[in-house]
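Only one structure is covered here, and it is reproduced in the block below.
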Amino acid sequence: MLPKAYDPKACEDRIYTLWEGSGAFKADAASKKESFTVSMPPPNATGQLHLGHAVMLALEDIFIRFARMCGKEALWLPGTDHAAIATESVVIKKIQKEEKIADPRAKYGREKLVAKIAEFVDFSRGTIRSQVRKMGSSCDWSRERYTLDSSLNRCVNEVFKKMYSDGLIYRGQRIVNWDPKMQTTVSDDEIEYVEEKVPYYTFQYGPFQISTARPETKFGDKYVVMHPDDERYKQYKDGDTFECEWINGKITATVIKDDKVIDPTFGTGCMTITPWHDMADFDLAERRDLPREQIIGFDGRLLPIAGEFAGMSIEEARPKVVEKLKEKGLLTKVDENYVHRVAVSYRGKGIVEPQIKEQWFIDVNKPAVKWKKKHLSLKQVMQDVIRSRDIAIIPERFEKVYFHWIDNLRDWCISRQIWWGHRIPVWYKTSAKGTDMHVGALPPDGTGWTQDPDTLDTWFSSGLWTWSTLIDPKLAGNLDLSLEDLLAKSPDFQKFHPTTVMETGYDILFFWVARMILMTTYATGQIPFKTVYLHGLVRTRDGKKMSKSDPSTCIDPLEIIPKYGADALRLSMIVSQSPGNDFRLYEEKIAGYRNFINKLWNASRFVLMQCEKAGIKPQDIPAEFSTPNSQLSIPDRALLSSLQRLVADVTDGLTKYRLSEAGERLYSFVWDYFCDWYLELSKGEANVSVLVEALRTIVHLLHPYCPFVTEELWDSIKPKGVGLLIKEPWPVAEGGRLDPVPEGKFELLIKVISAIRSLRVEYGVSPGAKIPAIVHVAESDKFLLTYSQHFLRLANINELTVSAKAPAHCQGMVSAFLNGVDVHLSLEGVVDLEKTKKNLEAERAQLQKFLAGVEAKLGNERFMNSAKPDVVTLEQEKKASAQEKLRKIEERLKAF
RNA sequence: GGGUGGUUAGCUCAGUUGGUCUAGAGCGUCUGGUUUACACCCAGAAGGUCACAGGUUCGACUCCUGUACCACCCACCA
């Protein structure tokens with residue numbers, strides 16, 4: 001007999017070992033079954049798992065277990081990410097703190113520091129592996145990958161080479177975000193803005209007034225820019241020069257008229273430019289071919305151009321520069337209430353300074369990608385795969401966000417001046433003739449070649465994640481094979497790519513999801529995944545972000561799991577929340593689902609007790625339910641038919657990734673219907689075969705959600721000779737036990753009423769009481785169903801709830817309150833049907849006219865030739881939605 | 001400045017083609033229950049103008065327009 005309460009601690013680890021040993025997690029590339037692949041977003045190998053990971057693991061495990069039970073070849077590939085800057089900065093901080101070394105990079109040198117980081121990462125990866133197991137994740141450990149694996153490195157190098165030879169990767173002097181603290185570039189997406197109140201100065205600059213919050217960058221400013229239409233500066237022409245007194249003496253300045261960078265309504269309407277340290281100024285300087293000068297060094301200190309201020313830090317120099325200008329009488333105004341936004345590195349937390357530096361870039365605008373027989377730019381491919389529905393995003397609204405991001409996308413700077421990561425596969429050799437360059441993993445023959453010291457942006461390698469992990473590591477070592485060969489000859493890639501669904505938090509849609517689309521379509525010619533499922537972020541009870549720095553608000557999954565069980569934690573993060581929306585998690589919520597699991601546990605105990613009472617072993621009850629209809633009571637039949645509907649609903653929900661809905665449905669079915677109604681009824685007289693059948697089905701349906709407890713229960717109720725639940729086939733809704741009422745305008749209603757009547761008589765149920773009925777109203781005509789309620793009220797029938805898809809707690813029941821009055825059906829007085837009909841017909845005519853217009857447009861050759869593809873798609877979408885609407889109206893009109 | 005989401009019971013949230021809703025769940029509150037599956041429970045109750053104002057419709061939490069507040073994302077002012 002089962003113990004009185006479910007104890008997750010006693011079961012979970014044991015069951016996980018059982019699963020792992022059974023080979024259930026392991027996918028087979030040779031299988032004939034349809035594949036279902038999920039690439040686990042690799043957690044950063046920097047420390048511990050947090051709730052964000054727990055959400056991800058729970059969701060993906062549900063997808064995978066469901067797919068596996070549905071008979072698909074399910075692969076969930078786990079792994080970890082080396083997380084370049086994040087890891088390096090964590091380790092450097094650790095060394096600084098533990099070993100009291102100010103500059104670990106200088107002290108250890110490249111090789112030793114990398115070795116130290118690797119050691120730290122190895123340890124972290126071990127921790128992460130065991131934590132992933134704790135959540136019950138059924139991933140294929142035999143295929144575990146790490147972004148720095150040699151086979152992944154091979155892919156990185158191959159893609160770099162391919163992009164370079166296609167002219168998509170170039171090296172150039174460009175303005176980048178420089179983190180002086182970490183001494184590296186960071187990408188646009190890795191920047192956060194912090195608001196700061198700083199004084200805002202206005203200075204006299206020749207005849208003009210210019211304003212700035214950063215006077216310390218103004219040493220080299222020799223151009224003053226204004227809008228060409230600005231009446232105030234009408235007398236100045238583009239190219240005019242003038243002498244003026246400035247920080248370190250007299251300079252000659254030039255007037256520039258430009259309509260792109262200047263907002264004439266802002267401030268004085270003119271500004272000076274600092275191309276080396278400002279993105280917008282750099283663009284202008286590029287356009288007009290203006291000189292640039294570096295003012296601030298890469299160490300964050302002023303350069304000799306600053307004269308007496310050279311060597312000072314920004315904080316130190318700023319007041320001194322202001323003081324000097326003030327003494328010269330050039331300071332005209334100070335605004336103390338100015339709010340300025342300072343760019344801060346997301347990882348290193350240093351203040352970011354734009355700098356011009358030689359870096360490697362990926363060109364996102366060059367039409368060098370072959371996609372669907374066209375030559376497109378990387379940007380265009382990224383747009384096409386979403387627009388053409390090759391990839392669907394859940395929830396859909398993120399498509400808009402995605403498109404908006406692509407519109408603003410600039411060339412991607414991929415080089416980083418750190419040591420931890422994939423080294424850029426480029427070699428240089430300097431001789432008297434100049435510098436030779438070679439792109440490849442290995443240097444060419446001969447001496448004197450040195451490798452580029454930089455590493456690649458971590459997203460370069462994670463952008464390859466869905467497929468580089470499927471490359472056969474044995475083949476990856478063979479340098480004679482091309483990238484195409486590697487793809488073609490790797491069985492895993494052939495079987496499991498494109499992956500089925502990419503599940504991740506919406507916060508890394510740009511960082512990662514977009515880059516996987518970019519890199520994968522380019523490198524393999526395939527989309528990386530068919531569906532993107534974005535989950536919301538976990539928040540605290542007060543709606544704040546969970547942060548590790550504040551443990552009082554932060555829930556640690558590792559403390560929760562021993563206390564409430566992994567199953568309860570999983571449910572609390574899945575049920576009653578919707579994709580893409582943040583949700584709050586707190587202990588009471590988790591406890592609530594622990595209670596549910598306990599309820600299920602005790603319901604099972606009850607069923608087992610009934611079996612014992614009846615002298616029947618559950619093991620002897622065959623898997624196939626075979627009790628004849630004649631031996632079933634009305635409640636039995638009601639339960640079985642609603643069980644069928646439950647199977648259909650849950651299957652449908654899981655197929656459409658509506659996990660919360662399906663989970664709620666199960667929760668309510670088990671508690672409100674199965675336990676509170678059917679089990680209570682069974683205390684009088686129990687039908688053991690029905691009880692066991694129901695429980696078995698429930699346990700199957702719940703298994704993806706709470707795998708541990710269901711597996712444990714399955715052991716007590718499974719038929720003889722059957723193995724683990726994880727390997728069981730998914731239940732199928734047969735519908736054979738139902739008698740759907742045939743459709744018909746009034747027939748339906750009459751059938752319902754007469755069925756209730758006969759049941760009431762047969763079982764002697766008094767009016768007002770709920771009665772279980774086998775009347776199953778087919779999901780047919782909601783319009784009619786609603787009208788039927790009007791009719792009934794008109795006919796003095798107090799209340800009748802007719803369910804097409806009944807609320808969970810009255811599944812299979814029709815609650816009726818009849819007062820014995822004969823039913824006369826009449827349409828009069830309820831609604832003005834004539835008016836409705838007229839309205840519908842008018843709407844139909846309008847739609848038909850519109851549709852004809854759109855069709856004519858699409859049939860017009862000149863339009864099709866001249867219009868942009870976007871416009872055509874839009875027209876087609878309009879057509880489709882109009883057709884859909886028209887179809888619905890036709891359907892409604894049929895009811896008249 | 002551009003965009004997205006939210007606003008539903010005291011709290012946290014579901015509610016996908018407008019008709020299951022005459023609006024649900026969990027927690028909390030109140031009343032009553034040791035009926036041997038479960039007190040991590042059972043029976044029941046109170047509690048909502050579904051932010052606000054218009055519109056479309058026979059019918060709107062659901063669609064449209066506008067307003068307010070909150071949150072987030074992107075761009076950015078020199």
Side-chain angles (χ1 to χ4, degrees), chain A residues 2 4-6 188-189 193 200 210-214 225 261-263 265-274 278-281 338 340-341 395-398 400-401 404-405 407-408 506-507 509-510 536-537 539 541 543 564 568 572 575-578 580-586 588-589 591-610 656 658 660-661 663-664 667-668 671-672 675-676 679-680 683 777 779 781-787 789-790 799 801-810 830-837 839-840 843 884-885 888:
Chain A
L2 298 170
K4 203 165 171 179
Y6 171 60
D188 292 347
D189 298 311
Y193 291 92
Y200 187 60
I210 57 140
S211 306
T212 183
R214 303 205 53 192
V225 190
V261 293
I262 276 282
D263 172 10
T265 62
F266 180 82
T268 60
C270 57
M271 66 173 187
T272 60
I273 57 165
T274 316
D278 186 284
M279 304 278 176
D281 295 359
Y338 184 72
H340 180 74
R341 289 172 63 179
E396 217 171 306
R397 67 184 143 90
F398 279 96
K400 260 191 192 169
V401 185
H404 187 248
W405 179 79
D407 289 342
N408 291 315
Y506 66 79
D507 53 331
L509 176 64
F510 308 137
L537 275 31
R539 292 178 175 275
R541 189 197 305 268
Y564 296 101
S572 71
V575 179
S576 212
Q577 56 113 353
S578 42
N581 289 333
D582 295 354
F583 64 99
R584 303 178 193 204
L585 191 68
Y586 38 91
E588 293 94 304
K589 206 183 246 181
Y593 289 101
R594 185 264 325 261
N595 295 354
F596 169 71
I597 283 163
N598 195 242
K599 187 80 182 171
L600 176 72
W601 182 262
N602 277 295
S604 310
R605 288 183 63 217
F606 178 80
V607 171
L608 291 173
M609 280 171 76
Q610 298 305 315
K656 292 179 178 157
R658 282 152 71 161
S660 172
E661 208 172 286
E664 256 175 72
Y667 182 101
S668 155
W671 203 313
D672 304 335
C675 293
D676 288 352
L679 289 192
E680 288 306 321
K683 284 179 179 170
V777 182
E779 197 175 350
D781 195 339
K782 288 184 186 176
F783 181 62
L784 183 65
L785 280 174
T786 309
Y787 273 110
Q789 304 205 356
H790 287 281
E799 217 172 315
T801 315
V802 187
S803 301
K805 207 162 83 186
H809 60 277
C810 52
V830 182
V831 285
D832 187 345
L833 282 179
E834 272 309 307
K835 198 178 158 196
T836 308
K837 197 177 165 192
N839 276 327
L840 282 173
E843 207 175 324
E884 176 68 15
K885 266 188 198 164
K888 277 189 223 162

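Per chain, numbering begins at 1; letters A, B, ... match sequence-line order.
Within the nucleic acid shown, A:Arg214 has no heavy atom closer than 4.0 Å to any nucleic acid atom. Residue contacts for A:Leu2: at a heavy-atom cut-off of 4.0 Å it reaches no nucleic acid atom on any strand shown.
The CD1 atom of A:Ile273 lies 10.0 Å from the CD1 atom of A:Ile262; values are rounded to the nearest 0.5 Å. Within the model, atoms CG of A:Leu2 and CE of A:Met609 stand 11.0 Å from one another, a figure rounded to the nearest 0.5 Å. Note: A:Leu537 CG to A:Asp582 CG = 5.0 Å, rounded to the nearest 0.5 Å. Separation of atoms CZ (A:Arg541) and NZ (A:Lys589) is listed at 10.5 Å; rounding is to 0.5 Å. The line from CZ of A:Arg594 to CH2 of A:Trp601 is 14.5 Å long, rounded to the nearest 0.5 Å. Here A:Asn602 contributes atom CG and A:Tyr6 contributes atom OH; the two are 13.0 Å apart, rounded to the nearest 0.5 Å.
Taking atom C1' on both B:C64 and B:U56, the two are 7 Å apart, rounded to the nearest angstrom. To the nearest whole angstrom, the two C1' atoms, one in B:G44 and one in B:G59, are 34 Å apart. Rounded to whole Å, the separation between the P atoms of B:C74 and B:U12 comes to 26 Å. Nucleotides B:U49 and B:U8 have their C1' atoms positioned 12 Å apart, rounded to a whole Å. The separation of B:A39 from B:C27, taken at their P atoms, amounts to 15 Å, rounded to a whole angstrom. A gap of 10 Å separates the P atoms of B:C13 and B:U7, to the nearest Å. To the nearest whole angstrom, the two C1' atoms, one in B:A23 and one in B:A60, are 12 Å apart. As rounded to the nearest Å, B:A46 and B:G10 have C1' atoms that lie 12 Å from one another.
Here the side chains of A:Lys599 and A:Asp676 are in contact, with some heavy-atom distance below 4.5 Å. Counting heavy atoms from C-beta outward, A:Glu661 and A:Glu664 have side chains that stay 4.5 Å or more apart.
In a base pair of the Watson-Crick type (N1 to N3 plus N6-O4 or O6-N4) or a G-U wobble (N1-O2 and O6-N3), with each distance short of 3.5 Å, B:A14 is matched with no nucleotide. As the counterpart of B:G1, B:C74 is assigned, both hydrogen-bonding distances of the Watson-Crick or G-U wobble pattern falling under 3.5 Å. Using N1 to N3 plus N6-O4 or O6-N4 for Watson-Crick, or N1-O2 and O6-N3 for G-U wobble, each under 3.5 Å, B:G32 pairs with B:C42. The pairing partner recorded for B:U57 is none, the criterion being a Watson-Crick or G-U wobble arrangement whose two distances lie under 3.5 angstrom. Pairing for B:G66 is with B:C52, a Watson-Crick or G-U wobble pair whose two hydrogen-bonding atom distances lie under 3.5 Å.
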*Classify every nucleotide of nucleotides 36-41 of chain B by which part a protein heavy atom approaches to under 4.0 Å, writing B for the base, S for the sugar-phosphate alone and - for neither, in 5'-to-3' order.*
-BB-BS
*Go along nucleotides 1-13 of chain B 5' to 3' and tag each nucleotide: B for a protein heavy atom under 4.0 Å from its base, S when only backbone or sugar atoms are that close, - otherwise.*
---SS------SS
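B:U16 atom C1' lies 10 Å from atom CD of A:Glu396, rounded to whole Å. Spacing between atom CG of A:Asp672 and atom C1' of B:A25 amounts to 9 Å, rounded to whole angstrom units. The CZ-C1' distance, from A:Phe510 to B:C74, rounds to 7 Å in whole Å. Atoms CG (A:Asn408) and P (B:C76) sit 8 Å apart, rounded to a whole Å. Per the geometry, OH belonging to A:Tyr667 stands 8 Å off C1' belonging to B:A25, to the nearest Å.
Here the side chain of A:Ser660 pairs a donor or acceptor atom with the backbone of A:Gln577 at under 3.5 angstrom.
If you check B:C77, B:G26, B:A14 against the side chain of A:Ser660, the one that comes closest is B:A14.
Between A:Gly592 and A:Thr212, the residue anchored nearer the 5' end of RNA chain B, judged by the nucleotide with its closest heavy atom, is A:Gly592.
Annotation: salt bridge (charged side-chain N to carboxylate O under 4.0 Å, His left out) contacts of A:Arg214 (sequence neighbours excluded): A:Glu216, A:Glu353.
A distance of 6.0 Å or more separates the ring centres of A:Tyr564 and A:Tyr593.
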